[in-house]
Number of protein chains: 2
Amino acid sequence: MSHDPPTFRHSLNDAKADNVLERLFRCARLLNDEGTRRVAEQTDAPVLRAAHMNLMPHIDLEGTRLTVLAQRLGVTKQAASQLVVDLEKIGVLQREPDPDDGRAKRVVFTDQGRNGLLEGLAILRGLEAELRAEIGDSDIDHLNQVLVKILAFING
Amino acid sequence: MSHDPPTFRHSLNDAKADNVLERLFRCARLLNDEGTRRVAEQTDAPVLRAAHMNLMPHIDLEGTRLTVLAQRLGVTKQAASQLVVDLEKIGVLQREPDPDDGRAKRVVFTDQGRNGLLEGLAILRGLEAELRAEIGDSDIDHLNQVLVKILAFING
DNA sequence: GAAAATAGTAAAGCAAGCTTGACTAAATTT
DNA sequence: AAATTTAGTCAAGCTTGCTTTACTATTTTC
């Protein structure tokens with residue numbers, strides 16, 4: 001299994017969260033479900049699983065060494081390598097030699113991979129647009145501001 | 001692996017989400033991490049993994065049949081059963097005969113299990129209290145209202 | 001009351017997502 | 001230039017979280 005940490009989306013019955021955090025978790029989960037559903041629907045992107053998706057945000061634009069990826073993911077080089085191999089096979093990533101170090105390689109997005117990612121983000125923005133149309137700009141903007149504050153608190 | 005659906009928390013670099021949904025996902029994830037960290041710290045609860053946690057919110061107060069649990073989880077009875085066995089072993093759940101059907105059993109929380117869950121929720125409320133102290137009641141209340149609207153939209 | 005459906009259990013198997021251990025090649029240290 | 005460290009690969013093995021197949025014990029249907 002993926003050794004995921006436990007997730008805390010519990011009231012005694014899931015359906016009606018009754019405090020802010022549960023509601024936040026539930027909301028994020030449902031929107032994420034909807035987003036990934038749409039991505040899966042539009043792009044007939046194949047075998048991308050959670051582990052692969054988790055890898056991608058750790059790849060910098062200039063490319064990132066495998067060892068660094070592994071560190072960022074908190075797994076061994078071998079584990080990270082396997083994911084990169086998968087993504088390489090379907091043309092999302094490629095490895096190129098690191099000009100600064102003959103032992104090392106840089107993992108970078110292919111154009112196709114980057115475009116796929118941007119497409120996914122566009123779908124996400126589409127979902128946001130629907131939300132704005134339904135809920136109203138002012139509420140969404142306010143939500144955004146509060147989230148910024150919360151993130152600042154968590155990181156600070 | 002756990003066959004988790006992919007998760008969509010991507011900008012090209014994870015650290016700075018730049019739209020509401022990404023921010024929402026990131027926020028939920030970080031708060032969930034912190035919540036589970038605290039739960040793990042306080043209660044020396046043992047081997048509870050994500051699969052077990054996911055099971056719990058589907059158990060009704062009157063008890064729930066295994067088949068129903070399996071349906072709600074979208075897995076086979078055997079898969080659900082294994083989780084229940086685990087939770088039974090550590091005293092969180094128990095099976096009792098279903099009075100209405102001699103074949104069936106009802107999966108219910110033990111007192112210990114229910115208390116543990118309530119304790120977890122209390123920790124979550126503690127985290128919310130900290131957030132309120134830091135961010136301010138009005139923002140958190142507003143956040144809550146917007147989340148309610150969003151959930152209504154998703155479900156409606 | 002015999003036949004079919006349903007609730008649950010038991011056991012084996014499989015893929016995902018890791019790990020550990022053993023290795024090569026290039027870089028760094030001494 | 002020899003010794004050590006570092007970047008990455010290869011292969012085998014483990015646990016988790018499922019599945020499929022096979023079974024027993026009740027209940028429902030006819």
Side-chain angles (χ1 to χ4, degrees), chain A residues 1-7 36 45-60 62-90 92-108, chain B residues 1-7 36 45-60 62-90 92-108:
Chain A
M1 78 136 181
S2 53
H3 228 146
D4 304 318
T7 307
T36 40
V47 286
L48 286 192
R49 293 172 309 243
H52 302 109
M53 298 294 268
N54 291 339
L55 172 68
M56 295 199 210
H58 294 111
I59 297 172
D60 305 310
E62 338 81 70
T64 305
R65 288 189 191 172
L66 188 60
T67 305
V68 174
L69 282 179
Q71 282 169 350
R72 292 183 183 170
L73 286 170
V75 301
T76 58
K77 292 182 293 183
Q78 294 90 324
S81 178
Q82 188 53 58
L83 296 174
V84 171
V85 166
D86 293 344
L87 290 167
E88 214 172 7
K89 275 183 192 156
I90 61 172
V92 169
L93 297 179
Q94 71 193 54
R95 292 159 141 117
E96 49 189 43
D98 188 317
D100 300 345
D101 188 332
R103 297 165 301 177
K105 294 172 188 174
R106 287 184 182 172
V107 177
V108 296
Chain B
M1 76 140 179
S2 51
H3 229 144
D4 303 318
T7 307
T36 40
V47 285
L48 286 193
R49 294 173 309 244
H52 302 109
M53 298 295 269
N54 292 340
L55 173 69
M56 294 200 213
H58 295 111
I59 298 173
D60 305 308
E62 337 81 71
T64 305
R65 288 189 190 172
L66 188 59
T67 305
V68 174
L69 283 178
Q71 281 169 351
R72 291 183 182 169
L73 287 170
V75 301
T76 58
K77 293 182 295 183
Q78 295 88 328
S81 178
Q82 189 52 58
L83 296 173
V84 171
V85 166
D86 293 344
L87 289 167
E88 213 172 8
K89 276 184 191 154
I90 62 173
V92 169
L93 297 180
Q94 72 193 50
R95 290 159 142 117
E96 50 190 42
D98 187 317
D100 300 344
D101 188 333
R103 297 165 302 178
K105 294 172 188 174
R106 287 185 181 170
V107 177
V108 296

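Chain naming here is simple, since letters A, B, ... match the order of the sequence lines and numbering starts at 1 in each. Just so it is clear, the model here is predicted, and its values are computed rather than measured.
For the pair A/Asn54 CG and C/dG17 C1', the interatomic distance rounds to 12 Å; values are reported in whole Å. In this structure, the CG atom of B/Asp86 is 13 Å from the P atom of C/dT9, given to the nearest Å. Separating the CG atom of B/Leu93 from the P atom of C/dG8 is a distance of 14 Å, rounded to the nearest angstrom. Between the C1' atom of D/dG8 and the CD atom of A/Glu96 lies a distance of 16 Å, rounded to the nearest Å. Distance CG (A/Asp98) to C1' (D/dA7): 10 Å, rounded to an integer number of Å. We find that NZ of A/Lys105 is positioned 16 Å from P of C/dT24, with the value rounded to whole Å. At whole-Å resolution of the value, CG in A/Leu48 and P in C/dA16 are 13 Å apart. For the pair A/His52 NE2 and C/dC18 C1', the interatomic distance rounds to 13 Å; values are reported in whole Å.
The base of C/dG21 lies close enough to the side chain of A/Gln78 for a donor and an acceptor atom to sit less than 3.5 Å apart.
Using a 4.0 Å heavy-atom criterion, one finds that A/Arg106 contacts no nucleic acid atom at all. In this structure, B/Ala79 reaches the bases: a heavy-atom distance under 4.0 Å links it to at least one base atom across the strands shown. Nucleic acid contact for A/Thr67: sugar-phosphate only, since backbone atoms but no base atoms lie under 4.0 Å from a heavy atom of the residue.
Comparing D/dT21, D/dC10, D/dT19 by their nearest atom to the side chain of B/Thr76 picks out D/dT19. Considering only side-chain atoms of A/Ala104, the nucleotide from D/dA7, C/dG17, C/dG8 that sits closest is D/dA7.
Nearest approach of B/Val108 to B/Gly63, heavy atoms of both residues: CG1-CA, 3.3 Å.
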| task | For nucleotides 24-30 of chain D, just jot down a letter per nucleotide in 5' to 3' order: B, S or -, based on protein non-hydrogen atoms under 4.0 Å. | result | -BBS---

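Side-chain nitrogen and oxygen atoms of A/Arg49 include none within less than 4.0 Å of the OP1 or OP2 phosphate oxygen of C/dA15. In this model, the phosphate group of C/dT19 is not approached by any side-chain N or O of A/Lys77 to a distance below 4.0 Å at OP1 or OP2. Note on A/Ser81: every side-chain N or O is 4.0 Å or more away from OP1 and OP2 of D/dG8.
A/Thr64 is linked by a side-chain contact (heavy atoms from CB on, under 4.5 Å) to A/Ile59, A/Asp60, A/Val68, A/Leu69, A/Arg72, counting only residues two or more places apart in sequence or in another chain. Partners of B/Ala51 according to the side-chain contact (heavy atoms from CB on, under 4.5 Å) rule, which considers only residues two or more places apart in sequence or in another chain, are B/Leu83. With sequence neighbours left out, the salt bridge (charged side-chain N to carboxylate O under 4.0 Å, His left out) criterion links B/Arg106 to B/Asp98, B/Asp100. In this view, B/Thr67 satisfies the side chain to side chain donor-acceptor pair (under 3.5 Å) rule with no residue, not counting sequence neighbours.
Place B/Arg65 and A/Gln82 on DNA chain C by their nearest nucleotides, and B/Arg65 ends up nearer the 5' end.
The salt bridge (Lys or Arg N to Asp or Glu O under 4.0 Å) pairs that include a residue from residues 75-86 of chain A are A/Arg49-A/Asp86, where partners are two or more places apart or lie in different chains.
Ion pair A/Lys105/A/Glu96 not flagged as a salt bridge, since none of the NZ, NE, NH1 or NH2 atoms sits closer than 4.0 Å to an Asp/Glu carboxylate oxygen.
For the atom pair CE of B/Met56 and CG of B/Leu87, the computed distance is 5.0 Å after rounding to the nearest 0.5 Å.
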